[in-house]
Amino acid sequence: MANENEIVLDHTGFVGHGNTLAAWVTVGIMSVGVIVGVVGFTVGSNAVLIAGIVLVVVGLVAGAVLGRMGHGSGSEQRKHEARNHQG
């Protein structure tokens with residue numbers, strides 16, 4: 001007996017949850033920055049802590065630049081992939 005209020009989720013559509021070059025580069029650089037910053041904070045080295053903070057900012061800037069260059073989720077390439085994936 002089927003429930004009329006049943007919700008069926010269809011996972012076949014193209015989503016692309018941040019699966020872009022811009023997202024990977026941003027997260028990668030920022031992850032390294034956080035690790036460097038935590039090590040600097042833990043050992044009490046202000047220079048290493050500041051280097052970690054700088055890496056986090058560099059990651060944000062790199063992601064923004066790559067996104068504007070067309071490697072982000074709103075790029076024409078990603079829109080084309082989404083259109084081709086749906087049918």
Side-chain angles (χ1 to χ4, degrees):
M1 186 163 209
N3 184 357
E4 292 180 14
N5 296 326
E6 186 175 325
I7 297 173
V8 178
L9 299 177
D10 181 14
H11 296 287
T12 59
F14 180 80
V15 180
H17 288 287
N19 192 14
T20 64
L21 178 63
W24 280 102
V25 168
T26 301
V27 170
I29 294 172
M30 289 179 69
S31 296
V32 171
V34 168
I35 292 169
V36 169
V38 167
V39 168
F41 182 80
T42 303
V43 299
S45 172
N46 286 339
V48 177
L49 176 62
I50 291 170
I53 293 169
V54 167
L55 278 173
V56 169
V57 173
V58 167
L60 287 171
V61 171
V65 169
L66 285 169
R68 290 187 181 255
M69 289 175 60
H71 297 287
S73 62
S75 70
E76 289 300 318
Q77 177 184 357
R78 300 296 291 179
K79 291 176 186 173
H80 176 71
E81 289 172 3
R83 281 191 297 268
N84 285 343
H85 187 322
Q86 291 182 5

Can you give the donor-acceptor pairs under 3.5 Å from side chains of residues 38-64 to other protein atoms, not counting sequence neighbours?
from: Thr42; atom 1: OG1; to: Val38; atom 2: O; distance (Å): 2.7
from: Ser45; atom 1: OG; to: Val48; atom 2: N; distance (Å): 3.4

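The hydrophobic side chain of Trp24 is isolated, with no ILVMFWY side chain under 4.5 Å apart from it.
Every residue meeting the side chain to side chain contact (heavy atoms under 4.5 Å, CB included) condition with Ala22, not counting sequence neighbours, appears here in chain and number order: Thr20, Leu66.
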